[in-house]
Amino acid sequence: MFSAEGVVRSGGIGVWMMQMRAAGAHVVWTSKFRFEPPVFPNRTNRRLPKWKRDDEDVLLAFWKDNGLSSTNANRLTQKGHGLSRFRDLERIQEKLEELKRLFPDNNVPRMVGRSPALLLIPVESLKKKIEKIQELLPDADVQSILNKQPTILNLDVEAFLPSQISMLEEILPGVDMIKLVERRPPLLYLNVKDNVAHNIDALCQIMPDGVDINAMILSQPSLLWMDVGGTVNGKLERLKGICTQEQFEVMSQKPASLARAILSSHKAIDRLVYLKSTMNVEEFEKFSPLTYLVMSRERFSNDYPSFETWQRRKDHKLR
């Protein structure tokens with residue numbers, strides 16, 4: 001037998017063992033350097049009994065019946081192999097009822113599917129987090145924000161969010177922060193200091209003079225975490241090459257329109273190439289590019305039935 005104390009001098013796992021013993025855990029280290037799971041006094045043993053397949057199937061069906069996708073339902077069910085809280089259907093149902101009282105207008109099962117930790121966080125802690133978020137964003141629809149991005153509740157709201165919101169306000173002066181966060185809740189946990197600030201600088205460099213960058217961001221907040229120097233700039237240059245100068249200038253005068261255009265997929269931008277190749281110059285110059293960029297696929301295909309064949313041929317040539 002080797003004692004944990006005898007290994008502390010060499011660092012490694014011995015330090016962990018001493019910490020476990022200090023916490024009251026019974027740790028056994030055999031001469032083969034194998035560990036038995038620590039058993040904590042007054043706590044349920046972490047070794048869970050083998051899960052019956054029928055019970056697992058019942059829980060999987062329960063999550064699916066509550067509207068979860070197969071992916072999220074499977075992910076939640078699989079967590080039951082490691083934590084009893086995720087396999088005890090009665091306790092899960094009780095917790096869901098508590099969460100439904102806390103979020104009366106939200107899709108609670110979907111929130112849990114996106115943030116399983118909600119089943120583990122005490123309701124009182126969740127209440128305090130919600131109150132703090134409401135305090136920081138006084139006129140915001142906090143319930144809606146958390147419905148879209150429940151993982152925000154996994155954060156240490158008290159310690160993290162005040163500085164996060166302060167940095168966003170500093171980097172984006174004049175932007176309606178509440179409206180921005182309501183549209184894109186992930187902003188509350190993005191790396192603002194580095195990534196967001198970098199994207200704003202990059203947008204200022206690639207956009208035409210006079211474009212209101214803040215208005216673009218408010219319209220399409222995802223610009224704050226996209227690859228601006230690569231993907232966004234590539235689409236911008238492509239649009240410049242396809243559109244007439246007048247078309248591009250008109251679009252640039254409306255920041256929301258320009259933002260929406262540069263976030264179009266390359267397949268959507270192909271529509272402009274197709275139209276330019278099939279229309280006469282005067283006809284092409286008269287239309288608004290954005291109209292065709294945002295048009296539904298079904299409608300565009302109905303109006304221009306030869307487009308998809310043209311696009312497949314173009315893609316085939318590029319291979």
Side-chain angles (χ1 to χ4, degrees), residues 43-161 164-165 177-190 220-222 224-225:
R43 298 189 194 177
T44 303
N45 192 342
R46 290 171 185 252
R47 291 178 179 174
L48 296 177
K50 190 174 181 180
W51 207 1
K52 295 179 182 178
R53 182 55 190 248
D54 288 347
D55 293 338
E56 188 174 346
D57 290 343
V58 167
L59 188 57
L60 181 62
F62 168 80
W63 286 121
K64 287 183 177 180
D65 288 344
N66 275 273
L68 266 65
S69 66
S70 294
T71 300
N72 282 341
N74 274 299
R75 185 163 62 101
L76 273 172
T77 303
Q78 290 304 309
K79 285 183 176 293
H81 288 284
L83 286 172
S84 61
R85 185 70 62 87
F86 288 101
R87 70 161 69 174
D88 188 333
L89 186 55
E90 186 177 341
R91 290 182 70 187
I92 289 172
Q93 290 173 318
E94 289 174 0
K95 185 69 174 187
L96 288 178
E97 289 304 312
E98 291 178 346
L99 292 171
K100 285 176 182 177
R101 289 192 290 271
L102 196 57
F103 303 103
D105 300 321
N106 291 0
N107 185 334
V108 168
R110 178 179 171 275
M111 289 176 69
V112 171
R114 299 189 67 182
S115 179
L118 290 177
L119 292 178
L120 306 177
I121 303 173
V123 170
E124 287 305 313
S125 295
L126 290 173
K127 286 181 179 177
K128 290 178 181 178
K129 290 177 185 237
I130 294 167
E131 288 170 1
K132 184 63 180 179
I133 297 169
Q134 193 72 72
E135 178 189 324
L136 294 167
L137 300 166
D139 297 320
D141 186 345
V142 173
Q143 291 273 332
S144 175
I145 290 171
L146 295 175
N147 193 42
K148 292 177 183 175
Q149 203 67 42
T151 49
I152 292 168
L153 292 167
N154 300 352
L155 300 171
D156 184 343
V157 170
E158 192 82 31
F160 179 74
L161 282 193
Q164 181 80 348
I165 293 171
M177 195 54 56
I178 289 173
K179 190 178 290 185
L180 185 65
V181 170
E182 284 180 336
R183 289 186 179 179
R184 285 294 183 271
L187 282 170
L188 290 180
Y189 55 78
L190 284 179
Q220 300 293 336
S222 55
L224 291 174
W225 58 82

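What you see below is based on every heavy atom in this structure, not just the backbone, and it leaves out hydrogens, waters and symmetry mates. Predicted model only: the values in this text are computed from it and were never measured.
For residues 120-133, every residue pair satisfying the salt bridge (Lys or Arg N to Asp or Glu O under 4.0 Å) rule, not counting sequence neighbours, is listed here: E124-K127, K132-E135, K132-E158. Residue pairs meeting the side-chain hydrogen bond (donor to acceptor under 3.5 Å, both in side chains) criterion with at least one member in residues 59-70, sequence neighbours excluded, do not occur.
What you find for I145 and A140 is that their closest heavy atoms are CD1-CB, 4.0 Å. Contact between L224 and L187 at its shortest, heavy atoms only, is CD1-CD2, 3.4 Å.
F160 is linked by a side-chain contact (heavy atoms from CB on, under 4.5 Å) to L155, Q164, Y189, counting only residues two or more places apart in sequence or in another chain. Residues passing the salt bridge (charged side-chain N to carboxylate O under 4.0 Å, His left out) test with D57, sequence neighbours excluded: R53. Applying the side-chain contact (heavy atoms from CB on, under 4.5 Å) criterion to R183, with sequence neighbours excluded, gives K179, L218, P221.
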- Pair D141-E182, side chain to side chain contact (heavy atoms under 4.5 Å, CB included): steps then yes or no: CA-CA 7 Å; D141 186 345; E182 284 180 336; 3.6 Å; yes

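Going from atom NZ of K95 over to atom CG of L119 covers 7.5 Å, rounded to the nearest 0.5 Å. We find the CG-CG distance between L89 and L59 to be 6.0 Å, quoted to the nearest 0.5 Å. Distance check: E97 CD to E94 CD gives 9.5 Å after rounding to the nearest 0.5 Å. Separating the OG atom in S115 from the CD1 atom in I121 is a distance of 6.0 Å, to the nearest 0.5 Å. Taken from CG in L120 to OG in S125, the straight-line distance is 11.5 Å, to the nearest 0.5 Å. Between the CD atom in Q78 and the CG atom in L60 there is a gap of 8.5 Å [rounded to 0.5 Å].
Of the candidates D156, L137, L136, L161 forms a side-chain contact (heavy atoms from CB on, under 4.5 Å) with just one, namely L136. Considering L68, I92, L76 as possible partners of F62, the one that fulfils the side-chain contact (heavy atoms from CB on, under 4.5 Å) test is I92.
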Identify each donor-acceptor pair in which a side-chain atom of residues 100-108 lies under 3.5 Å from a protein atom, sequence neighbours left out, and give them as a table.
unit_1: N106; atom_1: ND2; unit_2: Q143; atom_2: O; d: 2.9
unit_1: N107; atom_1: OD1; unit_2: R110; atom_2: N; d: 3.2

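Not one N or O on the side chain of R87 forms a donor-acceptor pair closer than 3.5 Å with the backbone of T77. Side-chain atoms of R114 come within 3.5 Å of backbone atoms of K148 as a donor-acceptor pair (strictly under, hydrogens ignored).
For the residue pair T151 and Q149, a side-chain donor N or O sits within less than 3.5 Å of a side-chain acceptor on the partner.
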